[in-house]
Amino acid sequence: MEVEVLLFAQVREMVGQERIRLQLPEGATIGTVRAELVKHYPEVGSWERLLLFAVDGQYADDTLRIGPGAEIACFPPVGGG
């Protein structure tokens, strides 16, 4: 299945694109997205464990299975006060 991943902040800058498309196997999880992102864009590797993901507007951990048409977003950790 093909998914589109929206990239934000430093992740967007490192990859040089606002969105990317990844080919994933059926039953893929956010962990699969994380691994494929680093595989295709090694410059993101130093952030691998820090990256946050959201699916359809909700934070998602690595175990969440991705369904067809899911909106996936990836961004670095955020802080604020």
Side-chain angles (χ1 to χ4, degrees):
M1 103 178 118
E2 183 176 81
V3 298
E4 184 174 75
V5 182
L6 306 174
L7 306 174
F8 294 92
Q10 292 96 330
V11 180
R12 179 187 296 177
E13 292 174 20
M14 284 187 269
V15 171
Q17 299 178 63
E18 291 181 7
R19 56 187 73 220
I20 59 169
R21 292 192 177 277
L22 296 173
Q23 279 298 129
L24 302 176
E26 292 301 320
T29 64
I30 286 297
T32 310
V33 173
R34 182 186 305 277
E36 286 296 306
L37 178 63
V38 171
K39 176 180 166 184
H40 293 286
Y41 302 95
E43 58 274 22
V44 180
S46 62
W47 288 71
E48 182 176 6
R49 288 283 126 216
L50 301 173
L51 295 175
L52 300 173
F53 288 87
V55 177
D56 297 329
Q58 300 291 316
Y59 284 112
D61 67 20
D62 281 0
T63 64
L64 182 74
R65 285 185 181 247
I66 301 164
E71 179 182 83
I72 303 168
C74 174
F75 43 97
V78 293

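Along the sequence shown, the residues carry numbers beginning at 1.
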Open item on the list: Going by the rule side-chain hydrogen bond (donor to acceptor under 3.5 Å, both in side chains), which residues pair with Gln23 if we only count those two or more places apart in sequence or in a different chain?
Closed with: none

Open item on the list: Within this structure, what is the CZ-CG distance for the pair Arg34 and Leu52, rounded to the nearest 0.5 Å?
Closed with: 8.0 Å

Open item on the list: Rounded to the nearest 0.5 Å, what separates atom CD1 in Ile66 from atom CE in Met1?
Closed with: 5.5 Å

Shared hydrophobic cluster for [X] and [Y] (ILVMFWY, side-chain gaps under 4.5 Å):
X     : Y     : answer
Leu51 : Met14 : yes
Val15 : Leu24 : yes
Leu22 : Val38 : no
Tyr41 : Ile30 : yes

TODO: Using the side-chain hydrogen bond (donor to acceptor under 3.5 Å, both in side chains) rule, collect all pairs that involve residues 43-57, keeping only residues at least two apart or in two chains.
DONE: Arg49-Asp62

TODO: Name all pairs fulfilling the side-chain hydrogen bond (donor to acceptor under 3.5 Å, both in side chains) condition that reach into residues 63-76, sequence neighbours left out, sorted by first residue then second.
DONE: Asp61-Thr63

- [ ] Would you sort out whether Val5 and Leu37 count as a side chain to side chain contact (heavy atoms under 4.5 Å, CB included), showing the intermediate values?
- [x] CA-CA 9 Å; Val5 182; Leu37 178 63; 5.8 Å; no

Open item on the list: Going by the rule side chain to side chain contact (heavy atoms under 4.5 Å, CB included), which residues pair with Phe8 if we only count those two or more places apart in sequence or in a different chain?
Closed with: Leu6, Arg12, Ala73, Phe75

Task: Partner residues of Pro25 under the side chain to side chain contact (heavy atoms under 4.5 Å, CB included) criterion, sequence neighbours left out - done: Ala28, Thr32

Task: All salt bridge (Lys or Arg N to Asp or Glu O under 4.0 Å) counterparts of Glu2, not counting sequence neighbours - done: Arg21

Task: Arg19 side chain vs Glu4 backbone, donor-acceptor pair below 3.5 Å - done: no

